[in-house]
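Nothing here was measured: the structure is a model prediction, and the numbers come from that model. By convention in this document, chain letters (A, B, ...) are assigned in the order of the sequence lines, proteins followed by strands, and residues within each chain are numbered from 1.
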Amino acid sequence: MVRVQRQFFEIPTVELAEKLLGKMFTRVLPDGTVLKGKIVETEAYLGEGDEACHAWRGQTPRNHSMFCKPGTIYVYFTYGCHYMLNIVSEPENRAGAVLIRAMEPLEGISFMQLQRGLNTLTCLMSGPGKLTGAMAIGPECNGRDLFGSEFLLEDAPEIPAELIGTGRRIGISRSRELPWRKFILGNPHVSKGKPS
DNA sequence: AGCGTGATCTTT
DNA sequence: AAGATCACGCTG
């Protein structure tokens, strides 16, 4: 098992969105339960020039962790019912993050099914709100990073460019023309949302 | 295709 | 203080 180091995140955000595909994200619960999934879909959000990004107009209490060191976790609440998981990019004091939109479940599947109230596999983490539900990720995770004992990102071979799909981001109204959504072509766990 | 549900941010 | 806006998921 090779653990991804902080240096890995010190690349431009859109590039990071591609490089995160195929990597394995793990959360270890306080009771030792291991929840693990392969990242199959991401979106890049940049502070400057990207009106869809929470931080496009500067720092606020909510988006604070987006300005922290690369590899920090940014979690926020939306639509009155969902938490979103992001991994911070860009140097400290500059905003940027990659939204993790979908994963393929690898470990802790029965726990995830219990969390989600489902028996299937392909609907377990095929959306940004679904995967935080499956992994029991909430506001307490905001501001943590991937280098402690609670989270880790495990390295995996880079996905070849011809297997990566690109498109517009889902569910936003501003800066919608930017092709900053990245996903693994043909993977059944990619979300079914349509670009706006 | 519609709506729940609540924090956040902008405008008055 | 009020209102609009949301990086969504589920039902029908």
A:Y79 over C:dG9, stacked by centroid distance under 5.5 Å, angle under 30°: no
Contact pattern, 5' to 3', of nucleotides 7-12 of chain B - B, S or - by protein heavy atom under 4.0 Å: -SSS--
A:L118 vs A:A55, nearer the 5' end of DNA chain C by closest nucleotide: A:A55
Phosphate OP1/OP2 of C:dA7: any A:R176 side-chain N/O under 4.0 Å: no
Distance in angstrom units between A:Y83 OH and B:dT5 C1', rounded: 12 Å
Distance, rounded to the nearest Å, where A:K192 contributes NZ and C:dC10 contributes P: 11 Å
Note: A:K19-A:D155 ion pair, threshold 4.0 Å (strictly below): no
Intra- and interstrand pairs of DNA chain B - dot-bracket, Watson-Crick/G-U under 3.5 Å, | marks other strand: ||||.||||||.
Between P of C:dC8 and CD1 of A:I137, the distance in whole Å: 16 Å
Carboxylate-amine/guanidinium proximity below 4.0 Å for A:R6 and A:D145: yes
Common cluster, A:L20/A:L106, ILVMFWY with side-chain heavy-atom separation under 4.5 Å: no
A:L99 CG to C:dC6 P, straight-line distance once rounded to whole Å: 16 Å
Mutual orientation of the aromatic rings belonging to A:Y83 and A:F77 [parallel < 30°, tilted 30-60°, perpendicular > 60°]: tilted
First encountered from the 5' end of DNA chain C, between A:R116 and A:Y45: A:Y45
Sugar-phosphate only, base, or nothing, as touched by A:M66 at under 4.0 Å among non-hydrogen atoms: base
Touch class at under 4.0 angstrom, heavy-atom based, for A:R181 against every strand present: nothing
Integer-rounded Å distance: C:dA7 P and A:M84 CE: 9 Å
Length of the NE2-C1' vector between A:H82 and B:dG6, whole Å: 12 Å
Over 12 non-hydrogen atoms of neighbours within 6.0 angstrom of NZ in A:K194: no
Over-ring placement of A:R62 relative to A:Y76, 6.0 Å and 45° cut-offs: yes
Length of the OH-C1' vector between A:Y74 and C:dA7, whole Å: 9 Å
Residue A:S173, side-chain heavy atoms: nucleotide from C:dC10, C:dC8, C:dC6 that is nearest: C:dC6
Lys/Arg-Asp/Glu bridge criterion (N-O < 4.0 Å) met for A:K36, A:E154: yes
Touch class at under 4.0 angstrom, heavy-atom based, for A:G80 against every strand present: base
Verify same cluster id: A:M24, A:I100 (apolar side-chain graph, 4.5 Å): no
SB check A:E41 A:R181 (cutoff 4.0 Å): yes
Side-chain ion pair, A:E43 and A:K182, N-O less than 4.0 Å: no
